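Just so it is clear, the structure is predicted and the values come from calculations on it, not from any experiment. These values consider heavy atoms only, across backbone and side chains, with no hydrogens, waters or symmetry-generated copies.
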Number of protein chains: 2
Amino acid sequence: METDRHDYTEVLTRHGIRPTAIRLLIYRTALRFHDTFSMAELEDALESVDKSTVFRTLSLFAARHLVHEIEDGTGSTKYCLCRNDHPCGINELHCHFHCESCHKTFCLDHTHIPVVRYPAGFEVRQIDYLLKGLCPECRAKQHSGSER
Amino acid sequence: METDRHDYTEVLTRHGIRPTAIRLLIYRTALRFHDTFSMAELEDALESVDKSTVFRTLSLFAARHLVHEIEDGTGSTKYCLCRNDHPCGINELHCHFHCESCHKTFCLDHTHIPVVRYPAGFEVRQIDYLLKGLCPECRAKQHSGSER
DNA sequence: TGTATTTTGCAACCCGGTTGCAACAAAATT
DNA sequence: AATTTTGTTGCAACCGGGTTGCAAAATACA
């Protein structure tokens, strides 16, 4: 839980976001999550920031391609920091994995989304690829249990 | 808007679902949608059935693999009838396309989801592949307009 | 036909997300 | 530096899709 004192002003400005104190704080806090996080989780980690501010900040970050939004089927949007410093092209997107047991959603950073051939006429701007099942931990737990 | 009088009792029973009058009605109504539909759309098409019943019926259908649930990022779950008469394997799933302009979600029935190589330890049970962008109609409209 | 079980409708609720507005802070202007 | 303008934040209220408890109705079963 060490506090990151590095200054990310430049990161925000590069994305066309005004680096207010709260935005920098939110960005620093988001960095602590290595996989995805929800608005609520970020809110908890922040304590003193209002939920509407967190919401608006994440929306802004998403619009400026600083975070990705992920629908993992739980009904609550997840976010993850984009490690690229430019808007991700279709070929740079990575897959996500949602564990149906512990409900964590993982970034498979090294697993790129394969682009399918789709019918003519459609214009694709974004792709989501979501695997669902059991994460390694939950799988181990399950097997060690009643071996069902 | 013709009414389908065919009897789908057998379809439901084959999936382990008791064929009550309402469930048959809901199934027949769902058949009228060629792409995906939301709970609300189905409710409208049904008129006289309560929303909780529609909800519980769709949940049951989904649990019994009679419909697929699709998260298209709008926050409202979409459904589509599964045309297979057995639970779809990982290799039988199809992609979906969500239009960011008209907000319709299409089934790309003939575009199967490519299965990626994922890190060891994960157990995959389900995959969602969602393309987002403009559907052919909206794309045409946009181009014919101010040609921006 | 009477009893047990399941399904349905109604109403109320939950909760993540979203918005209007006033207070506040930062930036631009004089 | 003081003032005006613009953008940001917190608060509270709201919205809407989804979900649940419960009693009534329908269905299965003895």
Side-chain angles (χ1 to χ4, degrees), chain A residues 7-9 12-13 15-30 33 36-64 66-80 98 103-105, chain B residues 7-10 12-13 15-30 36-64 66-80 98 103-105:
Chain A
D7 182 14
Y8 295 103
T9 300
L12 298 197
T13 49
H15 286 263
I17 299 164
R18 285 207 200 168
T20 66
I22 290 209
R23 286 172 181 170
L24 287 165
L25 172 62
I26 290 180
Y27 183 77
R28 261 187 279 125
T29 308
F33 293 89
T36 69
F37 54 90
S38 65
M39 224 182 87
E41 284 168 336
L42 192 55
E43 219 184 314
D44 289 351
L46 283 160
E47 292 281 320
S48 63
V49 183
D50 188 75
K51 114 185 178 175
S52 66
T53 302
V54 175
F55 169 69
R56 286 190 271 231
T57 303
L58 283 176
S59 304
L60 178 65
F61 282 9
R64 295 292 198 282
L66 191 52
V67 299
H68 294 290
E69 289 176 328
I70 302 123
E71 298 292 325
D72 62 8
T74 60
S76 112
T77 307
K78 300 295 181 299
Y79 300 86
C80 67
H98 177 71
H103 304 294
K104 270 193 279 203
T105 300
Chain B
D7 182 14
Y8 295 103
T9 300
E10 198 252 328
L12 297 198
T13 49
H15 285 265
I17 298 164
R18 286 205 197 168
T20 67
I22 290 209
R23 284 171 182 172
L24 287 165
L25 172 63
I26 291 180
Y27 184 77
R28 261 187 280 123
T29 309
T36 68
F37 53 90
S38 65
M39 226 181 84
E41 283 167 337
L42 192 54
E43 219 184 314
D44 288 351
L46 283 161
E47 290 282 319
S48 62
V49 183
D50 188 75
K51 113 184 178 172
S52 67
T53 301
V54 175
F55 168 69
R56 286 189 272 231
T57 303
L58 283 176
S59 302
L60 179 65
F61 283 9
R64 296 290 198 281
L66 191 53
V67 299
H68 293 290
E69 291 177 326
I70 302 122
E71 297 293 326
D72 62 8
T74 61
S76 112
T77 306
K78 300 295 182 299
Y79 299 86
C80 67
H98 177 71
H103 304 294
K104 271 195 278 204
T105 300

> Are the side chains of A:Leu58 and A:Phe37 in touch, meaning some heavy atoms are under 4.5 Å apart?
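A:Leu58 vs A:Phe37: side chains touch.
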
> So B:Leu66 and B:Tyr27, do their side chains get closer than 4.5 Å, heavy atoms only?
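When only atoms from C-beta onward are counted, B:Leu66 and B:Tyr27 do touch, with a gap below 4.5 Å.
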
> Measure from CD on B:Glu43 to P on C:dT8 and round the result to the nearest Å.
15 Å

> Atom CD of B:Glu71 and atom P of C:dG16: how far apart are they, to the nearest Å?
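Interatomic distance, CD of B:Glu71 to P of C:dG16: 15 Å.
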
> I'd like to check the salt bridge (charged side-chain N to carboxylate O under 4.0 Å, His left out) partners of A:Glu47; sequence neighbours left out, ordered by chain and number.
none

> Using whole Å, report how far CG of A:Asp50 lies from C1' of C:dT18.
12 Å

> If you assign B:Pro19 and B:Ala40 each to the DNA chain D nucleotide with the nearest heavy atom, which residue ends up on the more 5' nucleotide?
B:Ala40

> Indicate, with a heavy-atom threshold strictly under 4.0 Å, whether A:Thr77 touches base, sugar-phosphate, or nothing.
sugar-phosphate

> What is the first contacted nucleotide of DNA chain D and what is the last, in 5' to 3' order, if contact means an atom lying under 4.0 angstrom from a heavy atom of chain A?
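Contact span on the strand: D:dG7 to D:dC11.
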
> Does the side chain of B:His98 come within less than 4.5 Å of B:His103's, by heavy atoms?
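They are in contact (side-chain heavy atoms under 4.5 Å apart), so the answer is yes.
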
> CZ of B:Phe55 versus P of C:dT7: gap in Å, rounded?
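These atoms are roughly 15 Å apart.
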
> Base, sugar-phosphate or nothing for A:Ser76? Non-hydrogen atoms, less than 4.0 Å.
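The residue A:Ser76 makes sugar-phosphate contact but no base contact.
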
> Could you state the atom-to-atom distance from CG of B:Leu46 to P of C:dT8 in whole Å?
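The answer, rounded to whole Å, is 12 Å.
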
> Treating B:Thr36 as the side-chain partner and B:Thr105 as the backbone partner, does any N or O pair qualify as donor plus acceptor under 3.5 Å?
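Yes; at least one donor-acceptor contact below 3.5 Å.
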
> Heavy atoms only, 4.0 Å cut-off, all strands: where does B:Arg56 land among base, sugar-phosphate and nothing?
base

> Whole angstroms only, please: what is the OH-C1' distance between A:Tyr79 and C:dG16?
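My rounded result for the distance is 10 Å.
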
> In whole angstroms, how far is the C1' atom of C:dA28 from the CZ atom of A:Arg18?
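One finds 10 Å between C1' of C:dA28 and CZ of A:Arg18, rounded.
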
> Just wondering, do B:Leu42 and B:Tyr79 contact through their side chains at under 4.5 Å, heavy atoms?
no

> Who are the side chain to side chain contact (heavy atoms under 4.5 Å, CB included) partners of B:Ala45, not counting sequence neighbours?
B:Thr29, B:Arg32, B:Phe33

> For A:Leu12 and C:dA26, give me the distance from atom CG to atom P, rounded to whole Å.
15 Å

> So A:Thr20, base contact, sugar-phosphate only, or nothing? Heavy-atom distance under 4.0 Å.
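Sugar-phosphate contact only.
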
> Under 4.0 angstrom, heavy atoms only, what part of the nucleic acid is A:Arg23 near: base, sugar-phosphate, or nothing?
sugar-phosphate

